[in-house]
Amino acid sequence: MSTYNIIQEYPEYQAYITPLFFTDDWLNLYLDNYHMHDDLDADRVSNDISCSDYRFVYMGAKGSWTPLHADVFRSYSWSANVCGKKKWLFLPPQQFNLLFDRNMKNTVYNIFDDISETEFPGFKKAIWLECIQEPNEIIFVPSGWYHQVHNLEDTISINHNWFNGYNLSWVWDLLLRDYKEAKEYIEDIKDICDDFEGLCQRNLAANTGMNFNDFFIFISRFSLANVVELYYLRGELNSESSIWHCSAIIKHFALNLSSIRKTALKMKSEGVEGNLSIINLLEALSDPKFLKLCTGLGRIYSVIHEEENWSCTMKKALMADFAMYGSQVCSPEDLITFIDYAVSKLSSNCDEQNPLLSVLYEIQPHEQNQHF
């Protein structure tokens with residue numbers, strides 16, 4: 001099979017429009033504006049971890065196939081058949097342990113091989129879901145579902161991997177698991193290694209596609225971008241109006257911040273503190289790449305940006321608030337504190353129907369006055 005990164009290779013050619021259901025894509029929006037790895041030395045180690053995005057065209061002849069796998073970062077994926085026919089075989093996450101060997105290290109490569117029951121004792125218990133994908137049909141693959149795909153005819157398909165606030169925790173869970181495995185694998189050289197943790201993180205980036213620092217920068221930028229959008233909406237809608245309380249878009253941004261906050265809490269509980277990059281909030285607000293990220297995020301949720309108005313009005317309001325807060329975020333605990341602070345500022349002058357508090361902290365309306 002051949003794979004082509006169509007957006008990278010033909011940026012001016014709009015071959016297709018992403019289906020509406022799949023547009024809430026943080027991963028590719030981020031990679032349109034930033035490199036996943038800020039550590040240039042890590043990029044020099046391997047170009048394989050320097051993917052520009054995760055939007056591909058696959059071309060496969062009849063009889064070609066993709067071995068059993070779960071998608072990169074445990075992302076969602078969608079695959080649209082332009083022509084040809086495929087057979088998909090799926091296994092839900094509740095059964096994924098049946099695919100591993102006795103040591104839970106390696107998975108089955110081809111489910112149609114003669115699988116050793118001694119090596120893979122649970123494999124025969126797996127209950128597979130099978131479907132045939134016809135031309136002009138789209139398959140959605142949820143996070144963590146293992147799958148194997150066979151081309152029944154010569155096939156061309158468009159494929160995206162992506163994640164957002166709804167499956168962000170899957171990404172962190174995978175990173176943590178792969179980090180522990182990478183650390184265990186080289187544990188015997190810990191005493192003679194000058195920077196053992198740094199080596200573990202470089203190996204994690206090479207094997208998984210990002211490391212703790214990459215992920216922390218990613219969620220920090222998206223937390224700020226979601227806050228920016230809420231400031232924008234507050235200015236457009238007036239925080240005291242009924243629209244501010246009822247808007248589905250506002251609730252979506254609140255859910256995004258809630259997901260990031262819960263993920264940061266998970267990171268904190270695992271002791272992730274040191275060796276992370278410092279995110280300067282005020283500098284981000286002057287970064288053209290970050291402004292493009294905000295604009296893209298706004299478009300995703302049907303927020304129409306007036307760039308001149310935002311840069312003159314919303315930026316001033318944000319800078320005033322962040323200057324009082326302190327502008328640096330350098331740990332998961334800092335990120336949690338920033339989100340709480342931003343929500344408190346956004347919640348000022350709101351009455352007891354504040355959707356940010358109810359979504360972010362699961363606080364009932366009658367309890368909101370006591371939260372801050």
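- Not a single donor-acceptor pair under 3.5 Å links the side chain of N151 to the backbone N or O of D154.
- Of the candidates Y34, F163, F212, W172, F218 forms a ring pair (Phe, Tyr, Trp, His ring centres under 6.0 Å) with just one, namely F163.
- At a threshold of 4.5 Å between side-chain heavy atoms, the hydrophobic network of Ile, Leu, Val, Met, Phe, Trp and Tyr places I339 and L297 in one connected group.
- Under the 4.5 Å side-chain contact rule for hydrophobic residues, F216 and W170 do not share a cluster.
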Review item, side-chain donor-acceptor pairs of residues 73-90, under 3.5 Å, at least two apart:
unit_1: R74; atom_1: NH1; unit_2: D71; atom_2: O; d: 3.4
unit_1: S75; atom_1: OG; unit_2: V72; atom_2: O; d: 2.8
unit_1: S75; atom_1: OG; unit_2: N161; atom_2: ND2; d: 3.3
unit_1: S77; atom_1: OG; unit_2: D71; atom_2: OD2; d: 2.8
unit_1: S79; atom_1: OG; unit_2: K86; atom_2: NZ; d: 3.4
unit_1: S79; atom_1: OG; unit_2: N159; atom_2: OD1; d: 2.6
unit_1: N81; atom_1: ND2; unit_2: G84; atom_2: O; d: 3.3
unit_1: N81; atom_1: ND2; unit_2: Q133; atom_2: O; d: 3.3
unit_1: K86; atom_1: NZ; unit_2: S157; atom_2: OG; d: 2.9
unit_1: W88; atom_1: NE1; unit_2: Q133; atom_2: OE1; d: 2.7

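- Annotation: the span from N226 atom CG to S258 atom OG amounts to 11.0 Å, rounded to 0.5 Å.
- The main-chain N or O of I111 is found under 3.5 Å from a side-chain atom of Q148 such that the two form a donor-acceptor pair.
- Judged purely by atom type and a 3.5 angstrom limit, D53 uses its side chain to pair as donor or acceptor with the backbone of R55.
- Atom CG in L335 sits 9.5 Å away from atom CG in L265 (nearest 0.5 Å).
- Side-chain atoms of Y179 and N211, non-hydrogen and from C-beta on, never get closer than 4.5 Å to each other.
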Checklist entry - Please walk me through it: do E283 and D287 pass side-chain contact (heavy atoms from CB on, under 4.5 Å)? => result CA-CA 6 Å; E283 288 180 1; D287 179 5; over 6 Å; no

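- Between I217 and Y30 there is a side-chain heavy-atom pair separated by less than 4.5 Å.
- The structure places CG of N203 at 4.5 Å from CG of L199, a figure rounded to the nearest 0.5 Å.
- T107 places none of its side-chain heavy atoms less than 4.5 Å from the side chain of Y109.
- Shown here for S143 and P93, the closest heavy-atom pair between the two residues is O-CG, 3.8 Å.
- Of the possible donor and acceptor atoms, one in the side chain of T337 sits under 3.5 Å from a partner among the backbone N and O of E333.
- Counting only distance, with no hydrogens or angles, the side chain of S347 and the backbone of S344 share no donor-acceptor pair below 3.5 Å.
- Here CD of Q201 is found 10.0 Å from OG1 of T208. Values are rounded to the nearest 0.5 Å.
- A heavy-atom distance below 4.5 Å is not found between the side chains of F123 and L98.
- Of the charged side-chain nitrogens involved, none lies within less than 4.0 Å of a carboxylate oxygen, so that D32 and K292 do not count as a salt-bridged pair.
- When atom types are taken as modelled, the side chain of T263 and the backbone of S259 share a donor-acceptor pair closer than 3.5 angstrom.
- Under the 4.5 Å side-chain criterion, counting only non-hydrogen atoms from C-beta, L68 is in contact with L99.
- The backbone N or O of N28 sits less than 3.5 Å from a side-chain atom of D25, completing a donor-acceptor pair.
- Between the D113 side chain and the I115 main chain, no donor and acceptor come within less than 3.5 Å of each other.
- Checking Y185 against N207 by side-chain atom types alone, no donor-acceptor pair falls below 3.5 Å.
- To the nearest 0.5 Å, atoms NE2 (H147) and CD (E130) are separated by 15.0 Å.
- M267 and I219 get closest at one heavy-atom pair: SD-CD1, 3.9 Å.
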Checklist entry - For L257 and L230, what are the C-alpha separation, side-chain angles and deciding distance, and is it a side-chain contact (heavy atoms from CB on, under 4.5 Å)? => result CA-CA 11 Å; L257 287 173; L230 286 168; 3.7 Å; yes

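- Between D24 and N164, the closest heavy-atom pair is O-ND2, 2.8 Å.
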Item to check | N256 vs F222, side-chain contact (heavy atoms from CB on, under 4.5 Å): CA-CA, chis, key distance, verdict | outcome: CA-CA 9 Å; N256 289 344; F222 267 98; over 6 Å; no

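- Contact check for E270 versus K180: side-chain heavy atoms found under the 4.5 Å cut-off.
- The neighbour count for Y10 OH, taken as heavy atoms of other residues, nucleotides or ligands under 6.0 Å away, does not exceed 12.
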Next on the checklist: Working note: D334 + F338, criterion side-chain contact (heavy atoms from CB on, under 4.5 Å); need CA distance, chi angles, decisive distance, verdict.
Outcome noted: CA-CA 6 Å; D334 287 347; F338 161 69; over 6 Å; no

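- Under a hydrophobic clustering in which Ile, Leu, Val, Met, Phe, Trp and Tyr are joined whenever their side-chain heavy atoms come within less than 4.5 Å, directly or via other members, L152 and I158 fall into different clusters.
- The two atoms that bring T23 and L20 nearest to each other are OG1-O, 2.9 Å, heavy atoms only.
- Contact check for R177 versus L174: side-chain heavy atoms found under the 4.5 Å cut-off.
- Distance check, rounded to the nearest 0.5 Å: CG of D188 to SG of C193 gives 11.0 Å.
- Heavy atoms from other residues, nucleotides or ligands lying under 6.0 Å from NZ of K105 number more than 12.
- Follow the hydrophobic side-chain contacts under 4.5 Å out from M59 and you reach I138 in the same cluster.
- Residue I127 is not grouped with residue L129 when hydrophobic side chains (ILVMFWY) are merged at heavy-atom distances under 4.5 angstrom, including chains of intermediate members.
- Relative ring orientation between Y166 and H252 is described as perpendicular, the plane-to-plane angle rising above 60° on a 0-90° scale split at 30° and 60°.
- Taking both residues in full, the closest heavy atoms of S277 and N213 are given as N-OD1, 2.6 Å, listed atom of the first, atom of the second, then distance.
- Residues L27 and V171 fail the side-chain proximity criterion, which asks for heavy atoms closer than 4.5 Å.
- Counting all heavy atoms, side chain and backbone alike, E117 lies closest to R102 at O-NH2, 4.5 Å.
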